[in-house]
Structures are given as structure tokens and as C-alpha cells.
Amino acid sequence: KMDREQQAKESESLFAPLKWAARRKTFPLICTAFGWGFLMTGLVTGGSYVGMSVSEAFTAMIIGNIILTIVAVLVSIPGQATGSGNSSLFIMSYGQFGFVIPALLFSMVLTSWHGLVSGMLAETWLGVNSGPAYVIMALIWGVVAMMLTYGGMKFMEIIAIPATFALIAIGIFSIFYAINLAGGWDVFVAAMNEASASAKSEGINTSVMAGVTLVVGSWIAGAGCASEVTRFTKTRSMAIVMIVIGIPLCQFFLNILGYIGQNGAGSYNFCVYLANIGPVIHIISLLAMTLALLSSLDVNLYLPSCMISNIFRIPRKGGVLILGTIGTIMGGCGAFNYFGNFMNVMASILPGLVGPLIADFYILNRGKWDIKLLHKVPKFNICAILAYVFGFISQFTFAPPGIPKELWAILMSLIMYIVLMFIFKAAGHPQGYWKVKHLAEGPYKPQQDDSQLGDYFANFINYDGKVTHLKEEHDS
């Protein structure tokens, strides 16, 4: 466990806003956005659209990715504005101890993703998803990814750059090759229309809303944790560019690649059908897939390690080792075989968590958090917790049939949070940031306030709700 002075000096500023000098250059961030966005879950999601026509599949992909993009942008902007990761944003909205609820849920899900993708890498190389060789291969890849994530953003960028170019090239080639195998675009469209009609006649749920749930479930964890990567950007526009690259661009591309590959060539995994061309193309496809999956593993482990470090006050590298070990074991145990069920669970648990955060920053405080009050907000914000529970329950009880239940959960938790905050304020018991808002000195401006913020957090950092001046302690 880190003491307060160690927390203030943590290399990637998990316990305090990121200093301006630590923010990164544009090109590496763009490549990281591609690496972040090229999560192979998008490929598997597209491959899950069996029995859906092209129009149905593309509509579901578009709606799902729009929802994800909106969530990610709304979460990324306060992260960029304050230089803060998700843990800090959840502290501002859920409280000093209350933030553990969303942080733990996101960490559990993302750690599970580490296991899922480790298993996918093993299947990619072996062609099977069970047996002793599969277990060993999944464990090896889980450990490799854990060691890369141990190095932080710098190592993530090293993997992301080659992964980006390799996957774009092989992905485009794979789409055209799969369509050619299906007999051409017109033949493929006709076949999918026939498959859709057949599925409906058999009572199989291939609706657009079911497809939206798969898309949202595949990436809601990443969208909700967007600030962990966008906090490294220097401008709001760059943060939005990272989101646009990571979700609508990359994920839509991967959804299409998985859909056409599965229904046109027999597998969402392009390595399988490209092997028919010859050994050279097969090896290139394996290397491209491996780089992309390693990039996915890095991001999936980096995000929860940041939050778990905040919960237990341990270095980020310690969080990587703990969660990486758990995720790697899950991969060896065959977590990848439960991919579809896992996505549906994620799509219901996580969306409502961001509602209170969005409402607090944009609506109740008009985008003007003073992040220097991070360690003065109350221990719990009961309004945020109750609002999340309400949003979670609402998607199963009274969600309108025409609205994706994930979006409904966010809207309901957001609205209920606002209502509860005003009720508690009227009763003389303001919650969350409103309780300390009178101490605010104005919104934090990272470039202008860098030196004073650095001094502030070098001297003031405590998690018990009290402010302690380390220099005065030392002098006394």
C-alpha cells in the first residue's frame, strides 16, 4: 500500500490529475486509439449476426456504435479537461468510498476481457478452444500481455502502431476475399436476406435491437472508461478524435469484417479462411491478428489496473500483476467459450453507472468541476448509488420497446440522479460535489495551472476526506 507521498509521485498520475508535461503527442495517441479500438470483440460481435440480413445487421451496428460513441465522448471530455482517469471522475460523482462500486464493476468486467482475449489468441494459433495445448497457449499469451501492460502507455503505443497498420491492411483484404468466396456482393446480400427470413420463420430472435445489445455489450466497458486514455490528450478535439477512431471507425469496421467473414467465408476469424490462400498469407494474417489481440489485451488490462490501484492504494504495476494473473487464469479456464453470455451481462450491468457522472459534470455543474476538490468530496454520494440501481432495474421493468435498454438505463440513472440531488439539497443535505462546491476556485485549466496543481498534489493528498499538508508535517 502506497503512502500519501508515494501516491503524489505515481508515474502515470492515478491519484491526482495528470500534469500538462505528462500529456502525450498526437501521433502516438492516434495509434493508441486504433489499438484501443481494434478490440477483437468487435470481430466476434459481427460474427454473431447469423441469420440477420445485411440491412438489419448494418442498422444494428450503426445504432450500437452511435450509443457507444455518445457515452465515450461524454465520459472522455471531463477526463481530458481535468487530466483525470475514471477513478477520479467516479470519486467526484460517487464519493471517496462510493466510487468503489463503479470502479469494481468495471474492473471485474475488463479483467474478464483479459481472459476472453487470451483465449481468443490461443484459438487463433491452435484452431481449437479446449484441451491442454489451448490452456497452455492461453496462459502464455495472458502473461505476455501482462508484461507489456506493466510498462504503461509507452509500451501500449509500441504495440499499437504496428497493430494498426497490419490489421487495416489485412482486414480490407479479408472483406473482399470473403465476399468473393460468397459469390459476390449481390449473391451475399440475397443469401443473407434468405437466412433472415428463415430464422424469423423458426422463431429465432434476429431483431435489430438484439443486434444493438451485442454491439453495446461488446464495448460498453471501453466506452465507460474512455477517460483513462483521453486524459493524456492536450485538447478536447483530440480526445474526441480518439473516440471517433476507437469506436465508430474501428468497431464498425470490425463488425463488418466479422459479419462478412462468418456469413461469407465461414468464420469471423480471418486467419481461418485466409489459410486457404497459402502459408505466406496465413502467417501474415496470424501476425496481424496477434498484434491486434495483444493491443486489445494491453488496453483491457491497463484500464482496470488504474481503477484497482485507486481502490487499494497500490502502484499501477501492482494492479497489473494482480488483475493480469486473474485474467490469465480465466483465459486458461476457457472464458472465451462463454463470450456471448458475457456480452449480454455486460450490456445490462455497466451502462447505468455513467449516468450520474454525466449528469453531475454537464448538467448540475455545467462542466466546471474544480478537480482540486477531489479529496474533499464526501465519502458517499447516496444519490449516485440510488440512481444507478434505479437505472439498472428500469431496463428490465419499463423500458420502451423502441429504445435500446442500455441507453434507457443511462437516461433513467441520469434523470433520477438529478431529481435526487435537488431533493437532498432542498432538504438541507447536499450530496457529492455540491457539498464542497462553495470551496471551488473555478474549473481547472491544465496548461495554465500546471505548476500550482503539481505543488498542490505534492503537498495535499489524502483519502480520508481531510486535507493534510505533508510539508508542514515534515517541518513539525
Side-chain angles (χ1 to χ4, degrees), residues 8-38 69-92 149 151-161 163-164 222-250 295 298-299 302-303 306-307 310 316 357-358 361-362 365-374 440-458:
K9 295 178 180 178
E10 206 282 331
S11 60
E12 296 198 5
S13 299
L14 301 184
F15 307 97
L18 194 72
K19 293 184 69 174
W20 184 259
R23 301 204 184 200
R24 307 188 74 80
K25 295 180 180 178
T26 300
F27 180 71
L29 285 175
I30 289 176
C31 290
T32 299
F34 273 104
W36 177 48
F38 272 123
T69 302
I70 292 172
V71 171
V73 168
L74 291 175
V75 172
S76 69
I77 288 176
Q80 188 281 326
T82 62
S84 302
N86 272 76
S87 293
S88 295
L89 302 186
F90 284 137
I91 288 173
M92 293 292 282
T149 312
M153 280 293 290
K154 184 184 295 185
F155 281 83
M156 289 170 62
E157 290 170 354
I158 291 173
I159 295 296
I161 293 173
T164 298
C225 294
S227 63
E228 292 291 358
V229 289
T230 59
R231 67 192 176 107
F232 289 93
T233 62
K234 295 182 178 181
T235 63
R236 178 176 295 185
S237 59
M238 186 60 218
I240 296 175
V241 166
M242 287 191 74
I243 300 302
V244 171
I245 291 173
I247 300 179
L249 185 59
C250 291
S295 181
D298 286 349
V299 176
Y302 180 83
L303 298 178
C306 292
M307 287 185 279
N310 262 282
R316 182 193 60 80
L357 188 160
I358 293 170
F361 181 78
Y362 290 98
N365 294 292
R366 301 181 181 180
K368 296 179 180 180
W369 275 348
D370 183 355
I371 199 65
K372 294 189 292 296
L373 299 178
L374 179 65
E441 300 173 359
Y444 162 54
K445 298 178 181 179
Q447 192 167 11
Q448 295 90 327
D449 297 350
D450 194 28
S451 59
Q452 72 177 56
L453 190 71
D455 293 340
Y456 181 91
F457 277 101

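We number each residue from 1, following the sequence as shown. Since the model is a prediction, treat every value here as computed from it, not as a measurement.
The closest side-chain heavy-atom distance from Ile371 to Met92 is below 4.5 Å. The side-chain heavy atoms of Phe361 and Leu89, taken from C-beta on, include no pair separated by under 4.5 Å.
The side chain to side chain contact (heavy atoms under 4.5 Å, CB included) search around Ile358 returns Leu74, Val354, Tyr362, Leu414, not counting sequence neighbours. Under the side-chain hydrogen bond (donor to acceptor under 3.5 Å, both in side chains) criterion, Ser227 pairs with Asn86, not counting sequence neighbours.
Of all heavy-atom pairs spanning Ile245 and Leu249, the tightest one is O-CB, 3.5 Å. Closest of all the heavy-atom pairs between Thr233 and Gln80 is OG1-CG, 3.0 Å. Gly83 approaches Arg231 most closely through the heavy-atom pair C-CB, 3.9 Å. The heavy-atom pair separating Ser88 from Ser84 by the smallest distance is CB-CB, 3.6 Å.
Summarising the geometry, atom OG1 belonging to Thr82 is positioned 10.5 Å from atom CG belonging to Asp370; distances are rounded to the nearest 0.5 Å.
Among Val71, Ile77, Val75, the single residue meeting the side-chain contact (heavy atoms from CB on, under 4.5 Å) criterion with Val73 is Ile77.
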| field | From CA spacing to verdict: side chain to side chain contact (heavy atoms under 4.5 Å, CB included), Ser87, Met307 | value | CA-CA 6 Å; Ser87 293; Met307 287 185 279; 3.3 Å; yes
